[in-house]
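One structure is given below, encoded as structure tokens.
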Amino acid sequence: MGKKVLMQGNEACVMGAIAAGMRFFAGYPITPSTEIAEISAQELPKVGGRFLQMEDEISGAAAAIGASVAGVKAMTATSGPGFSLKQEHIGYAAEAEIPVVVVDVQRVGPSTGLPTSPAQGDLMQARWGTHGDHPAIVISPATVKETYLEAIRCFNLAEKYRTPVIFLMDEMVGHLREGIEIPEADEIEVIDRTVNKNLTDEQAYSIPEGKYAPEMAPFGEGLHYNISGLFHDETGFPRGTAQSYEKFMNRLLDKVEKNRDDIEKWEEKFMDDAEIAVVSFGGAARSAEEAVIEARKQGIKAGLFRPITVWPFPEKALEAVAKKVKRFLVVENNAGQMVIEVKAHAGNVPVDFLGRFNGSVVDPDEVLAKLKEEA
Amino acid sequence: MRNREELRLVGSGGQGVILASVILAEAAILAGKNAAQSQSYGPEARGGACMAQAVISNGELGFPKVRIPSFLMALTDQSLEKYGKNLPEDCVILVDSSLEIPEWLAGRKYYQAPILQAAIDQVGKAQTANIVAVAVINKLLDIVPQDVLKEAVSARIPKGTEAANFKALEVGFNLL
């Protein structure tokens with residue numbers, strides 16, 4: 001580990017991305033994600049990378065996808081209104097199987113909303129924002145250090161499964177500065193896409209035995225192959241049958257479904273003898289954790305269950321918790337989104353909800369009061 | 001310094017209270033303490049009440065935002081009005097000398113310092129008021145040694161502004 005430095009969440013996102021190999025960023029500044037663009041512009045040229053400010057949010061996503069096809073690890077970043085605009089291209093990247101990282105530093109919405117204030121109202125949009133069935137990997141960090149480390153994991157998963165990964169930050173963490181020790185290069189794992197120069201144009205999207213994602217043919221190095229948002233077969237062209245379309249869609253979804261063990265990540269604290277499990281993620285989880293610690297001091301057996309990979313939701317892990325606890329309390333900075341998922345997997349265990357969507361982070365005192373009420 | 005300080009610095013957007021809180025948090029980290037910094041502001045580019053905060057701890061940091069302020073500094077009447085409520089008994093309060101002292105504050109102990117005026121008269125640059133403030137706060141709360149504070153200031157100011165900002169530190173150290 002390096003020396004401890006004071007770093008902002010948005011800065012940690014960029015520095016983690018660069019450590020993971022990001023060498024291209026395209027975007028359009030929007031609060032509270034603007035520092036990600038600014039710091040990318042500052043830092044990428046130092047490592048031989050490129051920063052491109054585009055004319056709008058949509059082209060920011062498009063340029064990042066294009067750079068990735070050309071062989072460079074790429075990212076774009078935005079907040080609510082821009083995240084809505086990028087949805088079409090997120091679907092395109094999922095369908096055309098292009099690794100890319102899309103950061104959404106959430107603010108209060110809908111529309112322009114409260115641009116400078118924290119919220120977590122994009123959780124469902126991150127899963128279902130683009131149309132049609134599609135695989136979704138969405139990661140949400142709670143600390144500055146975790147932002148650095150999980151930015152790396154976003155790139156690793158995008159590269160490994162050839163799919164867009166959404167880094168769902170929020171203003172609370174994006175604009176928070178904390179002390180962080182930057183890991184040395186040999187302390188982190190970096191995964192690169194598999195590139196195969198020997199593919200023929202009949203094999204551009206063929207799947208190696210035992211894998212879920214095709215190898216990547218180097219673009220612009222001789223092989224002419226088709227990249228399309230249409231359902232495609234292994235040639236990349238849309239000339240299949242109903243049967244092959246279903247096979248294709250199942251394979252896309254299986255990238256996530258069959259690899260949940262590799263993709264899911266969550267944290268449990270004070271859960272061994274907990275009677276009330278507080279479920280929370282991202283910035284709100286900081287308040288939830290503080291409340292759990294205070295509740296414990298007051299003799300309330302509370303614990304914290306915090307999804308880090310929020311999609312796919314860690315269903316099995318939550319079901320295991322449901323077998324042990326008497327109640328769930330879901331704490332979010334929105335009007336109730338993750339609570340839907342918790343209810344779906346809580347069995348007969350009652351699920352309560354505490355949400356704040358007034359521009360402030362949910363307060364630890366509010367969570368504590370709710371825990372006392374329930375104990 | 002007390003074992004844990006929860007600092008709230010408030011003023012008008014553009015006065016630099018966010019940078020002041022960043023410098024204090026950075027100085028604490030340089031001195032081997034734990035610290036976190038954050039802020040709250042509206043969509044205005046300038047003006048409006050702006051609140052910056054820093055949590056500094058000799059031990060584990062825990063929750064990174066201010067819950068119960070142990071210190072408040074206000075540089076404008078508007079921000080004192082907005083963020084000065086419900087302060088605990090032992091909260092150290094510092095207000096700029098230009099502020100009108102509201103009724104709730106008149107009855108309790110507080111510090112007054114001519115931070116804004118000193119930046120103009122003694123440093124010669126109104127923009128250095130936040131650095132004057134950083135020095136006053138460090139003197140009041142004894143967060144880090146002066147040389148560490150200077151190091152943190154160096155790290156966060158634009159190149160070429162060192163002379164004015166170091167002068168501001170010196171002015172601040174001698175203001176109370």
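We name chains A, B, ... by the order of the sequence lines, and we start the count at 1 in each one.
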Assess whether a salt bridge exists between Glu290(A) and Lys65(B), defined as any Lys/Arg side-chain N lying under 4.0 Å from an Asp/Glu carboxylate O.
no

Would the number of heavy atoms belonging to other residues, nucleotides or ligands and lying under 6.0 Å from CG of Leu176(B) be above 12?
yes

Tell me if the NZ atom of Lys33(B) is crowded by more than 12 foreign heavy atoms within 6.0 Å.
yes

If I take atom CG from residue Leu30(B) and atom NZ from residue Lys4(A), how far apart are they, to the nearest 0.5 angstrom?
11.0 Å

Can you tell if the side chain of Val22(B) reaches within under 4.5 Å of the side chain of Leu6(A), non-hydrogen atoms only?
yes

Take a 6.0 Å sphere around CD of Glu60(B) and say whether it holds more than 12 heavy atoms from other residues, nucleotides or ligands.
no

Kindly compute the distance separating CG (Leu61(B)) from OG1 (Thr143(A)), expressed to the nearest 0.5 Å.
11.0 Å

Less than 4.5 Å apart, any side-chain heavy atom of Glu26(B) and any of Met7(A)?
no

Considering only heavy atoms, which portion of Pro364(A) lies under 4.5 Å from any heavy atom of chain B: side chain, backbone, both, or neither?
both

Between the OH atom in Tyr41(B) and the NE2 atom in His175(A), the distance rounded to the nearest 0.5 Å is 4.5 Å

Determine the option with the most heavy-atom pairs under 4.5 angstrom with chain B, choosing from Gly179(A), Ser287(A), Ser360(A).
Ser287(A)

With a 6.0 Å cut-off (strictly less than), is the heavy-atom count around CG of Asp147(B), excluding the residue itself, greater than 12?
yes

Greater than 12 external heavy atoms within 6.0 Å of Asp90(B)'s CG:
yes

Can you tell me if Lys139(B) has over 12 outside heavy atoms packed within less than 6.0 Å of its NZ?
yes

Of all heavy-atom pairs between Glu178(A) and Pro64(B), which one has the smallest distance, and what is that distance?
OE2-CB, 4.0 Å

For atom CD of Glu187(A), decide whether the heavy atoms of other residues, nucleotides or ligands shown that lie under 6.0 angstrom number more than 12.
yes

For Val55(B), which atoms come within 4.5 Å of any heavy atom of chain A: side chain, backbone, both, or neither?
neither

Looking at chain B, which one of Lys3(A), Met172(A), Gln8(A), Glu171(A) has the largest number of heavy-atom pairs inside 4.5 Å, strictly under?
Met172(A)

Can you list the steps and then say if Leu176(A) with Gln37(B) is a side chain to side chain contact (heavy atoms under 4.5 Å, CB included)?
CA-CA 6 Å; Leu176(A) 178 69; Gln37(B) 180 279 338; over 6 Å; no

Neighbour count above 12 (heavy atom, 6.0 Å) for Tyr83(B) OH:
yes

